[in-house]
Amino acid sequence: MTITCCTLFAQDSTQNKDKGIIVLPAVFFSPETSLGFGGAGLFYFRTSKDSTAAPSNIQSIFIYTLENQILFTNPYGIFLKGDQYWLKGELGYYLYPYEYYGIGSDISLDRFEAYTASFLRFEVNALKLLKDNFYLGPTLFYDQYFHIKTDAEGELNQRNIRGVRGGQLLGGGASFVLDKRNNVFCPFRGYYLEGRVLQYQDAAFGDYAFTDIFFDARKYFHPADGWETAFQLYHQSVVGDVPFYNYALLGGGKRMRGYYRGAYRDHHFSTLQAEVRKYVFKRIIISAYGGIGGVNDTFASFDKLLGSYGVGLRYEINPEEHIRIRLDYARGHNTSGFYININEAF
């Protein structure tokens with residue numbers, strides 16, 4: 001989706017340090033959606049009376065367009081019993097247009113096929129604190145694709161690309177998190193490691209059998225007063241009987257900004273990113289960032305490495321919790337994008 005017109009307003013509904021609500025309404029227009037409107041919200045709170053406990057949060061994004069398209073997603077991260085347990089995941093429903101450019105790195109960003117997918121998503125990671133900020137636990141992921149509307153003369157339909165008929169995806173596995181960040185929203189010290197292994201089955205409630213593995217490593221520095229630097233190494237491998245919408249996807253508002261998320265997709269995706277942020281006023285922050293990445297059907301072998309770079313502006317709506325509104329403009333190879341979101345990309 002390309003946003004060509006957008007109006008925004010952000011508000012923190014309370015000065016209470018332990019909880020608050022941030023609302024970010026939006027109005028936009030694109031050829032695929034016509035006029036669309038909705039908003040994003042963040043509700044943060046603590047389940048413990050201890051002010052040093054990690055803040056829980058539930059995000060909500062709701063979009064409705066005049067083409068009767070809907071995007072409703074609720075990512076969440078909830079800490080329980082004094083941070084001993086961490087529930088994180090997503091609950092969402094999508095009836096929304098997407099773009100398919102092909103599989104692999106040998107594609108043209110000038111040619112794509114539009115399709116609309118209707119699906120329900122449920123994800124939960126039930127993590128238990130084992131020792132010194134190290135969490136481990138089971139993961140359950142479920143997608144139900146009710147309908148995928150494609151061009152009858154397009155590649156998805158003509159070549160009967162795996163997944164074009166929809167179906168169910170049920171995956172189970174395990175996740176770990178080692179969280180040494182100084183803040184869960186916009187950290188500037190410490191490091192963060194996360195990994196997950198999911199095995200999808202084509203029996204019972206599942207229609208596809210494949211394995212999905214990812215690893216996410218981040219490091220943060222505070223080199224001088226008012227300065228922040230962040231680095232991220234991310235890799236995902238998806239192997240087996242993979243539907244086209246579950247390949248590893250390059251791009252979007254978090255990894256390799258500037259590229260449409262999923263324009264480049266394949267069995268393997270890796271990226272290395274860096275970002276520098278600087279306070280210019282009490283709550284105003286500017287940023288510059290860049291990254292390299294690529295996709296391929298073979299692990300650790302890339303036919304085409306892509307670059308990404310951009311600049312951004314942040315407004316820190318809650319300085320105590322370091323909650324920010326983020327506006328980014330990024331460029332890639334023959335492509336660019338604007339992004340508006342709550343909190344940093346990584």
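Just so we're clear, the structure is a prediction, and the values are computed from it rather than from any experiment.
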Determine, for [Y] and [X], whether the Lys NZ or Arg CZ falls below 6.0 Å from the six-membered ring centre while staying within 45 degrees of the axis.
X      : Y      : answer
Arg255 : Tyr234 : yes
Arg257 : Tyr289 : yes
Lys219 : Phe221 : yes

ask   = Cut-off 3.5 Å, side chains only: do Glu90 and Thr73 have a donor facing an acceptor?
value = yes

Okay, side chain of [X], backbone of [Y]: is any donor-acceptor separation there less than 3.5 Å?
X      : Y      : result
Asp83  : Ala54  : yes
His147 : Ala117 : no
Arg265 : Ile103 : no
Gln158 : Ala152 : yes

Check this for me: does any side-chain nitrogen of one of [X] and [Y] sit under 4.0 Å from a carboxylate oxygen of the other?
X      : Y      : value
Glu321 : Arg46  : yes
Glu228 : Arg324 : yes
Arg314 : Glu275 : yes
Glu194 : Lys88  : yes

Between [X] and [Y], which heavy-atom pair has the shortest distance, and what is it?
X      : Y      : value
Ser287 : Asp328 : OG-OD1, 4.2 Å
Asn246 : Val238 : O-CG1, 3.5 Å
Ser175 : Leu127 : O-CD2, 3.7 Å

Rounded to the nearest 0.5 Å, what separation is found between the [atom1] atom of [X] and the [atom2] atom of [Y]?
X      : Y      : atom1 : atom2 : answer
Ser237 : Phe210 : OG    : CZ    : 13.0 Å
Thr271 : Leu306 : OG1   : CG    : 9.5 Å
Phe43  : Ser56  : CZ    : OG    : 9.0 Å
Leu198 : Asn125 : CG    : CG    : 8.0 Å
Tyr259 : Ser336 : OH    : OG    : 11.0 Å

By side chain to side chain donor-acceptor pair (under 3.5 Å), Lys304 pairs with (sequence neighbours left out) Tyr264

Residues passing the side chain to side chain donor-acceptor pair (under 3.5 Å) test with Gln168, sequence neighbours excluded, are Tyr142

Measure centre to centre between the rings of His268 and Phe299, then say whether the value is under 6.0 Å.
yes

Could you check whether Tyr93 and Phe72 have their ring centres less than 6.0 Å apart? no

Result for ring-ring contact (aromatic ring centres under 6.0 Å, His included) between Tyr115 and one of Tyr100, Phe244, Tyr245 points to Phe244

Using side-chain contact (heavy atoms from CB on, under 4.5 Å), reason through Val164 and Tyr145 one step at a time and then give a plain yes or no. CA-CA 10 Å; Val164 73; Tyr145 279 81; over 6 Å; no

What's the verdict on ring-ring contact (aromatic ring centres under 6.0 Å, His included) for His267 and Tyr247, showing C-alpha distance, side-chain angles and the deciding distance?
-> CA-CA 6 Å; His267 289 289; Tyr247 277 93; 5.0 Å; yes

Quick one, Arg196 and Asp212 - any side-chain contact, counting heavy atoms below 4.5 Å? yes

Ring-plane angle category for Phe79 and Tyr135, please: parallel below 30°, perpendicular beyond 60°, tilted otherwise. perpendicular

Applying salt bridge (Lys or Arg N to Asp or Glu O under 4.0 Å) to Arg159 and not counting sequence neighbours gives Glu155

*asked:* Between Tyr220 and Phe188, is the ring-ring contact (aromatic ring centres under 6.0 Å, His included) condition met? List the steps.
replied: CA-CA 5 Å; Tyr220 304 92; Phe188 53 87; 9.0 Å; no

